[in-house]
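Working notes for the structure below.
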Amino acid sequence: MSTPPSDMKHLLVLLALLVGGNAVAASPTVLNVIGDTGDCELAGTAQVAAAMRRQPDFRDVVLVEVGDLAYPVATRERLLACHEPHFSTFPKRLAVPGNHDWADSNAAGFFSIFPRPVPRVEDLGGPWKLVLLDSNLRGDAGEAQLRWLDGVLAESRDACLIAAWHHPRWSSGRHGNLMAVDPLWQRVVGHVSLTLHGHDHHFEALPRFDAGGNPNAAGTASFVVGTGGARPYLPGLGRHPGQAIYGRHGYLRLTLDGDAYRWRFVGVDDREYAAGEGRCRRTGGRPYAPPAPPQALSAS
């Protein structure tokens, strides 16, 4: 029995919709995250870059560097000698400055390689956006960044946010918990899904923490990825729950797929040393209000 022309037309339309829907389905976005790179005296930087280049999709991956791009001072000359030979071949690169980058006057070397302003927001595709911040800013510049961040968080709707800055608020490494970046943490906690950091030269995947650093499902997860080539650190005095790896260079591979994310820490030997997954909490469901300034102590 032949199919009536009208039915055949409907079948062809349905087939076109199905095929078209699959064709335009968003592909996952992959980030490779590293920090603390560009030490000319060590082989780690070259080894980390080579490991990432061995991934078949490395030209499609977004390389996110979370500060300290060269040692001991990230001048342009040092960056061109110790950093760019290894990472300039990655087509998609984003970065935030660290303290060794700011050791050069006004972070001039860093901004000669990455000239776009920080802070800013980058679209990663799908619901995911990356908020790039500078944890070195103090005084008027630091206050301006906090006001800018307040505006971003207050206006964001239905997005999955990741925040990246150099100094981690929470860390089990040598530098430990850093109170200086608490104003940033107090703003993003519970409003962004993940934060990315370097500074401590180890890898650590921290569970969702609340404003005070306590595990809380309503909080925000963090990663410390100071494993991009600088000399590894030993554990610090304080330990947090989560997965921590010391004494090993490597990178965080973070796959963003719809509202889900998957992560794994990959060593320079291409082995997976830690892994996990989670889901984003879209913005707008919880009203944002800037944290109140600390109360001044009154004289007794």
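For the single chain, residues carry numbers from 1 onward in sequence order.
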*Going through the checks in order, is the side chain to side chain contact (heavy atoms under 4.5 Å, CB included) test met by Val224 and His199?*
CA-CA 8 Å; Val224 180; His199 195 54; over 6 Å; no

Exceeds 12 heavy-atom contacts within 6.0 angstrom, atom [atom1] of [X]:
X: Asp140; atom1: CG; answer: no
X: Arg231; atom1: CZ; answer: no
X: Glu272; atom1: CD; answer: yes

State, with a plain yes or no, whether a side-chain heavy atom of [X] is found less than 4.5 Å away from one of [Y].
X: Leu234; Y: Tyr246; result: no
X: Ile34; Y: Leu252; result: no
X: Pro215; Y: Pro241; result: yes
X: Trp263; Y: Phe223; result: yes
X: Ile162; Y: Leu256; result: yes
X: His191; Y: Leu161; result: no
X: Asp259; Y: Arg282; result: yes
X: Val225; Y: Tyr251; result: no

*Output, in order, the C-alpha distance, side-chain angles, deciding distance and verdict of side chain to side chain contact (heavy atoms under 4.5 Å, CB included) for Leu254 and Val30.*
CA-CA 6 Å; Leu254 182 62; Val30 180; over 6 Å; no

How close do [X] and [Y] get, counting heavy atoms only, and between which atoms?
X: Arg187; Y: Asp150; result: NE-OD1, 2.9 Å
X: Pro97; Y: Asp134; result: CG-OD2, 3.3 Å
X: His86; Y: Ala46; result: CE1-CB, 3.5 Å
X: Pro232; Y: Gly247; result: CB-CA, 3.7 Å
X: Ala70; Y: Leu79; result: CB-CD2, 3.8 Å
X: Ala211; Y: Asp182; result: O-OD1, 4.4 Å

*Do the charged groups of Arg78 and Asp101 touch, with an N to O distance under 4.0 Å?*
no

_Between Glu122 and Arg116 (salt bridge meaning N to carboxylate O under 4.0 Å), is one present in this structure?_
yes

Distance only, no hydrogens: is a donor on one side chain within 3.5 Å (strictly under) of an acceptor on the other, for [X] and [Y]?
X: Glu204; Y: His202; result: yes
X: Thr37; Y: Thr45; result: no
X: Arg279; Y: Tyr261; result: no
X: Thr220; Y: Arg208; result: no
X: His240; Y: Asn177; result: yes
X: Asn136; Y: His166; result: no
X: Ser171; Y: Asp200; result: yes

Side-chain heavy atoms nearer than 4.5 Å, only ILVMFWY residues, links allowed to pass through others: does that put [X] and [Y] together?
X: Leu194; Y: Ile245; answer: yes
X: Trp185; Y: Val152; answer: yes
X: Val266; Y: Val66; answer: no
X: Phe110; Y: Trp102; answer: yes
X: Val192; Y: Val189; answer: yes

Donor-acceptor pair, [X] side chain versus [Y] backbone, under 3.5 Å?
X: His201; Y: Thr227; result: no
X: Arg59; Y: Pro56; result: no
X: Asp210; Y: Gly213; result: yes
X: Arg271; Y: Val268; result: no
X: Trp170; Y: Gly212; result: no
X: Asp104; Y: Gly109; result: yes

Measuring from atom [atom1] of [X] to atom [atom2] of [Y], what distance do you get when rounded to the nearest 0.5 angstrom?
X: Leu153; Y: Thr283; atom1: CG; atom2: OG1; result: 8.5 Å
X: Leu130; Y: Cys160; atom1: CG; atom2: SG; result: 13.0 Å
X: Ser193; Y: Lys129; atom1: OG; atom2: NZ; result: 13.0 Å
X: Leu184; Y: His167; atom1: CG; atom2: NE2; result: 11.0 Å
X: Asn32; Y: Glu65; atom1: CG; atom2: CD; result: 10.5 Å
X: His197; Y: Ser222; atom1: NE2; atom2: OG; result: 4.5 Å

*Give me the one residue out of Leu196, Val121, Val96 that meets side chain to side chain contact (heavy atoms under 4.5 Å, CB included) with Leu132.*
Val96

_Assess the residue pair Arg93 and Phe114 against the criterion (side chain to side chain contact (heavy atoms under 4.5 Å, CB included)); give the C-alpha distance rounded to whole Å, side-chain angles, the decisive distance to 0.1 Å, and a yes or no._
CA-CA 9 Å; Arg93 296 197 295 168; Phe114 296 93; 3.9 Å; yes

*For the residue pair Tyr233 and His175, is the inter-centroid distance of their aromatic rings smaller than 6.0 Å?*
yes

*Decide if the gap between the ring center of Phe58 and the ring center of Phe90 is smaller than 6.0 angstrom.*
yes

*Take Arg253 and Val61, measure what side chain to side chain contact (heavy atoms under 4.5 Å, CB included) needs, and give me the verdict at the end.*
CA-CA 9 Å; Arg253 183 175 169 92; Val61 168; 4.0 Å; yes

